[in-house]
Amino acid sequence: MYTLYIANRNYSSWSLRPWVLLSELGIAFEEKLTPFQGGTSSSWSAFRAFSPTGKVPCLHDGDTAVWDSLAIAEYVAERHPSVWPADSRVRAWARSAAAEMHSGFDALRSHCPMNCGIRLQLNATPAALSRDIARVQELWNEGLKRFGGPYLAGATFTAVDAFYAPVVFRIQSYRLPLDATTQAYVQRMLALPSMQHWYELALKETWRDPDHEEETLRQGVLLEDLRVA
Ligand SMILES: N[C@@H](CCC(=O)N[C@@H](CS)C(=O)NCC(=O)O)C(=O)O
């Protein structure tokens, strides 16, 4: 049985990727959640107990540790072929799109940090953020059109959907303006049982990490905080 180490559901976008991937595909795992400790160095010490980088997520399979979300997807794909699309051309697209998320979208990450339970009106939309939002829409429209939907790479949920799952929560929190196709995909993702489960548990979290809270509130005006007090 796999063990997946994650951090706070409300903030940890990297944790969400492998968690939603395994959950949505029905791949059994045990979850171990360690909350952020308030300050990067203390989280690092706590996370070092299970992850060589002091970061989450980290997957353990017996004595094998896999400490990066993309590496986890690839490790699991070796045992569960449904992680990526079966057709090699579709798989190439899905892998490229997941890798693009993994190494890009800096403006989207920094201006719209994942914070599932809040709703916020952004103070500004810098050009770099507009470019990232436009690219997300272009990419999702392309995948949905080329492969027929309802998921990005065709009829089934695959790792590329998991890699964009945090963007779905960011869109919800920051009410980012989107075209109709993209918005419909967001609603479809939010309705998935695994996404709903993550979201419900995120709202029940009582931990508040000052760094993550400040990072979010710096971006705009808080409209709603749906988390338990
Ligand atoms: N490239 C890594 C990134 C992992 C990462 O940055 N994780 C964040 C949490 S979402 C972390 O553990 N940060 C440590 C900290 O904030 O102290 C991956 O894909 O797994």
Side-chain angles (χ1 to χ4, degrees), residues 2-24 27 29-61 64-78 83-84 94-118 132 136 158-174 194-195 198-199 201-203 205 207-219 227:
Y2 301 121
T3 303
L4 182 65
Y5 292 85
I6 62 170
N8 310 41
R9 282 189 166 78
N10 194 55
Y11 313 119
S12 188
S13 57
W14 300 97
S15 297
L16 170 59
R17 295 164 192 183
W19 189 94
V20 78
L21 179 67
L22 296 174
S23 302
E24 201 52 41
I27 299 170
F29 66 101
E30 185 192 354
E31 171 195 305
K32 292 204 172 156
L33 191 157
T34 306
F36 289 105
Q37 307 287 305
T40 308
S41 55
S42 36
S43 293
W44 183 85
S45 313
F47 295 170
R48 277 279 289 175
F50 51 80
S51 171
T53 53
K55 291 189 173 188
V56 287
C58 188
L59 183 86
H60 287 201
D61 183 18
T64 301
V66 190
W67 59 85
D68 174 275
S69 55
L70 190 52
I72 294 169
E74 294 299 357
Y75 181 80
V76 174
E78 289 176 19
V83 166
W84 292 112
R95 278 200 164 115
S96 300
E100 181 178 347
M101 181 72 246
H102 201 57
S103 60
F105 293 103
D106 295 344
L108 185 59
R109 284 181 215 288
S110 57
H111 292 286
C112 305
M114 194 171 98
N115 199 329
C116 295
I118 59 99
D132 277 0
V136 165
T158 62
V160 66
D161 300 289
F163 271 72
Y164 283 90
V167 176
V168 166
F169 281 132
R170 289 167 205 254
I171 288 168
Q172 175 171 255
S173 287
Y174 297 91
S194 60
M195 290 286 279
W198 177 280
Y199 183 60
L201 294 174
L203 295 188
E205 284 179 354
W207 306 296
R208 298 290 181 267
D209 181 64
D211 293 349
H212 285 90
E213 293 298 313
E214 276 165 33
E215 195 188 7
T216 305
L217 294 174
R218 220 181 294 134
Q219 305 305 325
R227 298 170 292 178

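Heavy-atom basis, side chains included; hydrogens, waters and symmetry copies ignored. Read the numbers this way: they start at 1 and go in the same order the structure lists the ligands and their atoms.
For a threshold of 3.5 Å applied to N or O pairs, the pair formed by Ser15 and ligand 1 contains no separation below that value. At least one N or O atom of Ser69, backbone or side chain, sits closer than 3.5 Å to an N or O atom of ligand 1.
Identified under the salt bridge (Lys or Arg N to Asp or Glu O under 4.0 Å) test for residues 6-19, with sequence neighbours left out: Arg9-Glu31.
When the heavy atoms of Leu16, Ile72, Val66, Val56 are ranked by distance to atom 8 (C) of ligand 1, first place goes to Val56.
None of Trp198, Tyr5, Tyr199 except one satisfies the ring pair (Phe, Tyr, Trp, His ring centres under 6.0 Å) rule with Trp19; the exception is Trp198.
For ligand 1, the atoms lying closer than 4.0 Å to a non-hydrogen atom of Ser43 are 17 (O). Of all atoms in ligand 1, numbered sequentially from 1 with element shown, those under 4.0 Å from a heavy atom of Pro57 are 20 (O).
Salt bridge present: Glu74 and Arg95 bring a charged side-chain N and a carboxylate O closer than 4.0 Å.
No side-chain N or O of Asp209 forms a donor-acceptor pair with one of Tyr11 less than 3.5 Å apart.
At a 4.0 Å heavy-atom cut-off, ligand 1 does not touch Tyr11 at all. Heavy atoms of Arg17 found under 4.0 angstrom from ligand 1: none, in either backbone or side chain.
Closest non-hydrogen pair, His102 versus Trp14, comes out as ND1-CZ3, 3.4 Å.
Under the rule for a side chain to side chain donor-acceptor pair (under 3.5 Å), Arg109 has no partner lying at least two apart in sequence or in another chain.
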